[in-house]
Amino acid sequence: MIYADHAATTKLSERALHSMLPWLTNEYGNPSQPYSFSRKPRHAIAEARARIASCINAKPEEIYFTSGGTESDNWAIKGTAYSHGLEMKLITSSFEHHAVLNACHAISGQGWQVNYVHPNANGIVTVQELSRIITHDTGLVSIMLANNELGTIQPVRELSDISHQYGSIFHTDGVQAVGHIPVDVEKMGIDLLSASAHKFNGPKGVGFLYIRSGTNLVPHENGGAQELGFRAGTENVAGIVGMSVALEENIESLEKNRSHILSLEKLLLKRLSGLNVVQHCSYAPHLPGLLSLSFPGFNGEAILHRMDLIGISISTGSACDSKRTEVSHALRAINLSEELAKGTIRISLGYENTEEDIRAIADGLKRVVTHK
Ligand code: PLP
């Protein structure tokens, strides 16, 4: 099996797995209890919080653990809207993940006005576009750090600057970016950042929301006093520890992984160069190893299934969309022609991929697209 769908999820790292085991076996104390058996899990959570904070240049008390990217996005959007009331307006982009789009859709059904900014043909939301629609009533701007289908990296520093000039909070969905490119919440001017462990070789079902001190959000879950009373519920100790170790490991190896993955990406493009293939958004900065490619005249879904038959996992769009055949909203947002959009596949490489994998992927694609 060759796995080339790392934007959908990643393999749990050995180091993360080992760090999780004590909390799944003998150290099962509830972190909230006052007796000594609960001291270790409580300390483990505090350490994990500090470890994560240092990976993104935040303070430990600005990290709130959640169940993953979807929850973090929902909290950032609904939590800001509910704490500010109907007078605030929101802006998001038309190619966000559904976790953001559907959270915005839900609150617009409750009366909030949501406006949409569109990426350009290169998959970038420009400051000029945001400037055209932002007003002093805008309370929240939510624009992703890296797009999950195209891999394009957004000019977050510029987008947050303009948001702040209008007095708005700036949220970014960093699910695809955290652990893969440098993320510094101070340098990037981020007020709210969503992340998910399973995208950076951590466990599934755990993530975090960075909330800059002083940012007003209503609590996401009401209940006990966990997460300073903002996200109640007994903590997923093993998941939280595993996530922090996975993130630290990825940050330590960021440069090494980046250059390995970029060399694989180059090799793949070279081996595909004789085919009729279009790389989308190739002029924009993009996540290492995330390629959105189109084979005109072919159907992306059919390519996916034929690659699957030879043991290679790739995607057609975002993972959440892979059961639907309609053209994804992200491809529509960059105004791809119907033919190119339908022929689109997504290949997302990870650090464990090898040159041998790349040769097999390229050979597989050649075979699939030369025999209709
Ligand atoms: N945001 C983006 C950009 C994603 O790619 C994903 C997952 O595909 C999510 C949010 C949802 O994250 P999770 O699977 O942790 O809920």
Side-chain angles (χ1 to χ4, degrees), residues 3-12 16 52 63-79 92-106 119 123-125 141-154 156 159 171-181 183 190 192-210 220-221 231 236 239-240 242-244 246-247 250 281 284 286-292 313-324 328-331 333-334 346-350:
Y3 187 71
D5 197 19
H6 291 82
T9 196
T10 56
K11 186 178 176 187
L12 183 64
I52 287 176
I63 304 297
Y64 291 80
F65 297 122
T66 66
S67 64
T70 300
E71 184 185 327
S72 299
D73 285 341
N74 271 270
W75 187 7
I77 290 159
K78 294 175 185 168
T92 192
S93 81
S94 52
F95 75 162
E96 297 292 315
H97 188 274
H98 281 122
V100 167
L101 286 179
N102 288 344
C104 285
H105 189 68
I124 297 291
V125 174
V141 173
S142 176
I143 295 172
M144 66 203 320
L145 187 36
N147 183 273
N148 48 302
E149 291 192 48
L150 304 162
T152 50
I153 298 171
Q154 305 307 308
V156 158
L159 296 170
H171 167 243
T172 191
D173 176 341
V175 168
Q176 292 290 339
V178 171
H180 301 286
I181 58 170
V183 176
I190 297 167
L192 301 167
L193 169 83
S194 306
S196 177
H198 75 103
K199 306 286 187 180
F200 52 77
N201 305 91
K204 292 174 179 57
V206 61
F208 66 88
L209 180 65
Y210 157 79
H220 189 53
E221 298 291 349
R231 202 275 188 178
N236 172 3
I240 288 168
M243 165 165 70
S244 71
L247 184 56
N250 268 24
C281 305
H286 74 278
L287 291 172
L290 200 162
L291 294 171
S292 178
S313 306
I314 58 164
S315 179
T316 48
S318 75
C320 313
D321 276 355
S322 66
K323 283 200 188 116
R324 301 184 214 155
S328 88
H329 67 284
L331 300 180
I334 60 164
R346 179 187 69 182
I347 296 179
S348 47
L349 305 172

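Every number for a ligand or one of its atoms is a count from 1 in the order of the listing. Numbering of residues begins at 1 and proceeds along the displayed sequence.
- Under a 4.0 Å criterion applied to the non-hydrogen atoms of Gly68, ligand 1 contributes the atoms 15 (O).
- One finds the CG atom of Leu209 at 7.0 Å from the OG1 atom of Thr66 (value rounded to the nearest 0.5 Å).
- Atoms of ligand 1 found under 4.0 Å from any heavy atom of Ser196 (numbered from 1 in listed order, with element): 13 (P), 15 (O).
- In this model, no donor atom of one side chain and acceptor atom of the other lie less than 3.5 Å apart for Ser94 and His329.
- Applying the 4.0 Å criterion to heavy atoms of Thr70 picks out, from ligand 1, the atoms 11 (C), 12 (O), 13 (P), 16 (O).
- Only the side chain of Asp73 comes within 4.0 Å of ligand 1, counting heavy atoms alone; its backbone N, CA, C and O stay farther away.
- A 4.5 Å side-chain heavy-atom check between Ser67 and Arg231 finds at least one atom pair inside the cut-off.
- For the residue pair Asp5/Ser313, the side-chain donor-acceptor check at 3.5 Å is not satisfied.
- Side-chain atoms of Lys199 come within 3.5 Å of backbone N or O of Ala7 as a donor-acceptor pair.
- By the 4.5 Å heavy-atom criterion applied to side chains, Leu192 and Trp75 are not counted as neighbours.
- Annotation for ligand 1: atoms under 4.0 Å from non-hydrogen atoms of Met144 are 3 (C).
- Using a 4.0 Å heavy-atom cutoff, His98 is absent from the residues neighbouring ligand 1.
- Considering backbone and side-chain atoms alike, Gly69 places an N or O below 3.5 Å from some N or O of ligand 1.
- For the pair His97/Asp173, a side-chain contact is recorded, criterion being any heavy-atom separation below 4.5 Å from C-beta on.
- Here His198 has side-chain heavy atoms under 4.0 Å from ligand 1, and that is the only part of it that gets that close.
- Looking at Lys199, His97, Gln176 and measuring to atom 9 (C) of ligand 1, the nearest heavy atom belongs to His97.
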